[in-house]
Amino acid sequence: MENQLFIYNSLSRKKEAFKALNSPHVGMYVCGPTVYGNAHLGHARPAITFDILFRYLQHLDYKVRYVRNITDVGHLENDMDDGEDKIAKKARLERLEPMEVVQYYTNSYHRSMRQLNVLDPSIEPQASGHIIEQQQFIDRIFESGFAYEKNGSVYFDVKKYNEKYKYGILSGRVLEDLQSNTRNLEGQDEKKNPFDFALWKKASPDHLMRWPSKWSVGFPGWHLECSTMGTKYLGDEFDIHGGGLDLLFPHHECEIAQSTAVHGKSSVRYWMHNNMITLNGQKMGKSLGNAVSLDDFFSGKHPLLEKAYSPMSVRFFMLQAHYRSPLDFSNEALISAEKGLERLFRGIETLEKIQPSSKSDIDFKQFESKCYHALNDDLNTPILISHLFDGLKQINDLKEGKISIHSDDLNNLQSLYKTFVENILGLIHENSGKGSELTAVLIETILTIRQEAKLKKNFETSDQIRNALTSLGIEIKDKKDGFDWELKSTT
RNA sequence: GGUCGGUUUGCCGAGUGGCUAGGCGCUGGUCUGCAAAACCAGUUACAGCGGUUCGAAUCCGCUACCGACCUCCA
């Protein structure tokens, strides 16, 4: 079986054959969330994308160390409110400890990720836990000559860096263009050039998170944490760095500069970026005020949502699009994903009940190879899913006895679906809506009575029962011999 | 303004030169007391214009429109 994985490297803008630096070990770093708000649909995209990669690499027998950070420093400044704003007032009243905010939203993030069946990373470092390492990293940038201090803050000298190395290799930006297009923001006068970025910032009096350093009491610059923690846990050079496309510039560009300044070359071999989730064609983001939180999706309590969507529906919805394509959210798209996923699970249930025969009309090897081929092609999950749906037709034909399968192929096919759907795509069949045991027994008792009424052709009674149960949100599925049922609209 | 990407059938979304994904929806059928569910079948497009080619959704050029980034963002 050919299993050469190709991944798209944002640096070369090409699909490249993946070769692990120290096979079978793979080091993978992904930018995690800044924990100052509930996780929204946008956060789920990289989490799921790189969860698939994590799972697939492990499936290919790599030993993966997956580092996904929690950013809890650098963005937690008090808002510059004048004190009259209601929200600011409330925040002051609640007077939360910054670490309280961090802990709260970290927990919330973890809860959402677990619901989405995203595996825990191997290491989940917090920026605030690596202040000393970040300071040491700054020391090393000083040693290489690309840092300068001004009024207790430390900046990266991009212009000087650009003279030795090239700044902008990831984003395709040219320094001269940046120079003329960088906006003039406050507090920029300390910098030699507007595009220089902070390595260490002196804390203003109202800044809550602060640490002593040789330069000032302050806090590390945002770009620094990833360079520091990435190399700390994965080595000076490692395999994969992932994150959202919106981080490509300036965040990842600055990471490259920092690492290159220290190590003489970039630490990362493969840069991977997932595309954005859009809402009505616009990027979903907190700053735009159009982010729908994952909790909202799971509960359905949001004006934009017509109903609640299960975590697996959300996961499947994302996997039906390629991770490098933008994905537009809509109720219609999510509902169609939900229905498709149900059908997929139903097919797998059917597959479990197939009886083998002596001959086989199934070309298992070819089917398997198509599935691998899809994932090997830059994690093309939509193609993989389309193959799995194609297989459903055969499964139903097997059930109907139109075609047959021998036991080896049957076992292979069953394990293939289990492997790809559950282990790699991470889709698990949530307990089909049967409610509590008490509910189930009651409903089945009633349905048995209805069945008896039907057999006696007492349709008045059977319809009466059906209408009553239907109005309670219980869907009755009559079959040739007997019945099945499901609780719909479970809140 | 600069950098990058996109425009695919009713909707969502794959596809980088010929073999015309897939899901949802819709239509028809099978089953059924009726309905639902389930299953089966049908349903087709590549923004516009020009070029390259035996052949283009796919390559090249231009135009139009959309988006991301350039400021915190997944």
Side-chain angles (χ1 to χ4, degrees), chain A residues 10 13 30-34 36-37 39-50 68 71 74-75 77 168 170-174 176-185 195 222 242-251 253 273-278 281-288 291 316-317 320-322 324-341 343-344 346-347 350 370 374 377 380-390 392-393 395-397 399-400 402 454-455 457-459 462-463 466-467 470 475-480 483-486:
Chain A
S10 306
R13 294 164 208 273
V30 173
C31 290
T34 304
Y36 65 129
H40 60 264
L41 195 59
H43 290 103
R45 191 106 198 250
I48 289 172
T49 296
F50 295 105
R68 188 185 65 205
T71 298
H75 299 158
E77 250 169 306
L170 184 63
S171 57
R173 272 159 231 260
V174 182
E176 290 71 40
D177 296 337
L178 285 171
Q179 199 143 22
S180 55
N181 284 305
T182 307
R183 298 182 199 174
N184 283 322
L185 299 171
F195 42 72
W222 172 43
L245 191 59
D246 51 344
L247 298 178
L248 192 143
F249 189 90
H251 186 53
E253 196 72 76
H273 292 93
N274 62 275
N275 216 314
M276 303 289 104
I277 301 281
T278 59
Q282 262 220 323
K283 183 180 144 181
M284 185 180 282
K286 192 164 28 268
S287 51
L288 294 160
F316 185 68
F317 168 66
Q320 273 194 307
H322 190 257
R324 279 192 293 115
S325 300
L327 175 60
D328 195 57
F329 155 80
S330 68
N331 283 288
E332 200 185 353
L334 223 38
I335 288 168
S336 78
E338 190 174 52
K339 288 182 181 171
L341 181 60
R343 193 154 86 82
L344 183 61
R346 213 159 40 231
T350 305
K370 277 160 80 176
D377 184 14
N380 200 329
T381 53
I383 290 289
L384 169 63
I385 289 168
S386 81
H387 293 326
L388 295 172
F389 273 107
D390 280 342
L392 250 44
K393 292 200 178 85
I395 289 171
N396 285 318
D397 281 351
K399 181 191 165 200
E400 300 290 320
K402 289 179 190 165
K454 273 178 68 181
L455 288 174
K457 304 215 183 287
N458 183 355
F459 299 124
S462 76
D463 286 355
R466 184 170 70 194
N467 292 342
T470 304
E475 184 180 72
I476 299 164
K477 303 169 182 180
D478 283 345
K479 298 196 168 179
K480 276 180 193 167
F483 54 83
D484 197 5
W485 61 277
E486 203 175 334

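Just so we're on the same page: letters track the sequence lines, and every chain starts at 1. Computed from a predicted model, the values in this text were never measured in an experiment.
Using a 5.5 Å limit on the distance between ring centres and a 30° limit on the angle between planes, the aromatic ring of A/F459 counts as stacked on the six-membered base ring of B/G33.
B/G23 and B/A64: their C1' atoms are spaced 31 Å apart (whole Å). One P atom belongs to B/A47, the other to B/C12, and the distance between them is 14 Å to the nearest Å. Taking atom P on both nucleotides, B/A45 is separated from B/A21 by 12 Å, rounded to a whole Å. B/C66 and B/C72 have their C1' atoms separated by 24 Å, given to the nearest Å. Nucleotides B/U52 and B/G61, compared at atom P, are 15 Å apart to the nearest Å. Of the C1' atoms belonging to B/U63 and B/U20, the separation is 28 Å, rounded to the nearest Å. For the P atoms, the distance from B/G15 to B/U8 is 14 Å, rounded to whole Å. Across the P atoms, B/G13 and B/U71 are found 29 Å apart, a figure rounded to whole Å.
Residue A/R13 is in sugar-phosphate contact alone, with no base atom involved, counting any heavy-atom pair closer than 4.0 Å across all strands shown. If you check every strand for non-hydrogen atoms under 4.0 Å, A/I476 touches a base. Contacts of A/H387 with the nucleic acid, taken as non-hydrogen atoms under 4.0 Å apart, are absent. Residue A/L334 is out of contact with every strand shown, counting any heavy-atom pair closer than 4.0 Å. Within 4.0 Å (heavy atoms only), A/G243 reaches sugar-phosphate atoms of the nucleic acid but no base atom. Looking at heavy-atom distances under 4.0 Å, A/G32 makes contact with sugar-phosphate atoms alone, never a base. Within the 4.0 angstrom heavy-atom criterion, no nucleotide atom of any strand lies near A/L245. When heavy atoms are screened at a 4.0 angstrom cut-off, A/P382 is found touching base atoms of the nucleic acid.
Here the side chain of A/D478 is nearest to one of B/A21, B/A35, B/G23, namely B/A35. Closest to the side chain of A/S336, out of B/C24, B/G33, B/C69, is B/C24. The listed nucleotides are B/A14, B/A74, B/A36; the one nearest the side chain of A/A321 is B/A14. For A/Q320, taking side-chain heavy atoms from C-beta onward, the closest of the listed nucleotides B/G23, B/A14, B/G33 is B/G23.
Nearer the 5' end of RNA chain B, as judged by each residue's closest nucleotide, is the contact made by A/L248, out of A/L248 and A/G285. Nearer the 5' end of RNA chain B, as judged by each residue's closest nucleotide, is the contact made by A/S462, out of A/S462 and A/F249.
Base-pair partner of B/C34: not found among the strands shown (Watson-Crick or G-U wobble, both distances under 3.5 Å). Pairing for B/A47 is with B/U63, a Watson-Crick or G-U wobble pair whose two hydrogen-bonding atom distances lie under 3.5 Å. In this structure, B/G22 forms a base pair with B/C12, meeting either the Watson-Crick or the G-U wobble geometry with both donor-acceptor distances under 3.5 Å. With a 3.5 Å ceiling on both atom-pair distances, the Watson-Crick or G-U wobble partner of B/C69 is B/G2. Pair assignment for B/G55: none, as no Watson-Crick or G-U wobble contacts are both less than 3.5 Å. Under the Watson-Crick or G-U wobble criterion, with both distances below 3.5 Å, B/A41 is paired with B/U27.
Checked against salt bridge (charged side-chain N to carboxylate O under 4.0 Å, His left out), A/D463 has the following partners two or more places apart in sequence or in another chain: A/R466.
Straight-line distance from the CG atom of A/L247 to the C1' atom of B/U3: 17 Å, rounded to whole Å. Atom CE of A/M284 and atom P of B/C72 are 22 Å apart (whole Å). The nearest whole Å value for the distance from the CD1 atom in A/I385 to the C1' atom in B/C12 is 13 Å. Nucleotide B/G13 holds its C1' atom 14 Å from the CG atom of A/N275, rounded to whole Å. Rounded to whole Å, the distance from NE2 on A/H273 to P on B/C4 is 16 Å. Rounded to an integer number of Å, the gap from A/L327 CG to B/C66 P is 21 Å.
For the residue pair A/N275/A/S325, the side-chain donor-acceptor check at 3.5 Å is not satisfied.
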Each nucleotide N or O in nucleotides 38-41 of chain B that has a protein N or O under 3.5 Å away: list the pair and distance.
{"residue": "B/A38", "atom": "OP1", "partner": "A/R346", "partner atom": "NH1", "Å": "3.4"}
{"residue": "B/A38", "atom": "OP1", "partner": "A/R346", "partner atom": "NH2", "Å": "3.3"}
{"residue": "B/C39", "atom": "O3'", "partner": "A/N396", "partner atom": "ND2", "Å": "3.3"}
{"residue": "B/C40", "atom": "OP1", "partner": "A/N396", "partner atom": "ND2", "Å": "3.4"}

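Here the closest non-hydrogen pair linking A/A321 and A/R45 is CB-NH2, 4.3 Å.
For a distance-only test at 3.5 Å, the side chain of A/S386 fails to qualify as a donor-acceptor partner of the base of B/G23. Side-chain N/O atoms of A/R173 and base N/O atoms of B/C69 include a donor-acceptor pair closer than 3.5 Å. Donor-acceptor pairing under 3.5 Å, judged by distance alone, is absent between the side chain of A/D328 and the base of B/G13.
Here the side chain of A/R13 pairs a donor or acceptor atom with the backbone of A/L170 at under 3.5 angstrom. No donor-acceptor distance shorter than 3.5 angstrom exists from the side chain of A/N458 to the backbone of A/K454, with no hydrogens or angles considered.
Taking the charged nitrogens against the carboxylate oxygens, A/K477 and A/E486 do have a contact shorter than 4.0 Å, which makes a salt bridge.
The side-chain tip of A/R68 does not point at the ring of A/F50 from less than 6.0 angstrom away and within 45° of straight on.
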After noting the C-alpha distance and the side-chain angles of A/F316 and A/L344, does the key distance pass the side chain to side chain contact (heavy atoms under 4.5 Å, CB included) rule? CA-CA 11 Å; A/F316 185 68; A/L344 183 61; 4.2 Å; yes
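Phosphate contact (OP1/OP2 of B/G67, side-chain N/O of A/T278, threshold under 4.0 Å): absent. Dashed line: the shortest gap from a side-chain N or O of A/T470 to OP1 or OP2 of B/A36 is not under 4.0 Å. Close to B/G67, at under 4.0 Å from its OP1 or OP2, lies no side-chain N or O of A/K283.
Using a 4.5 Å heavy-atom threshold, the side chains of A/L245 and A/R324 count as separate.
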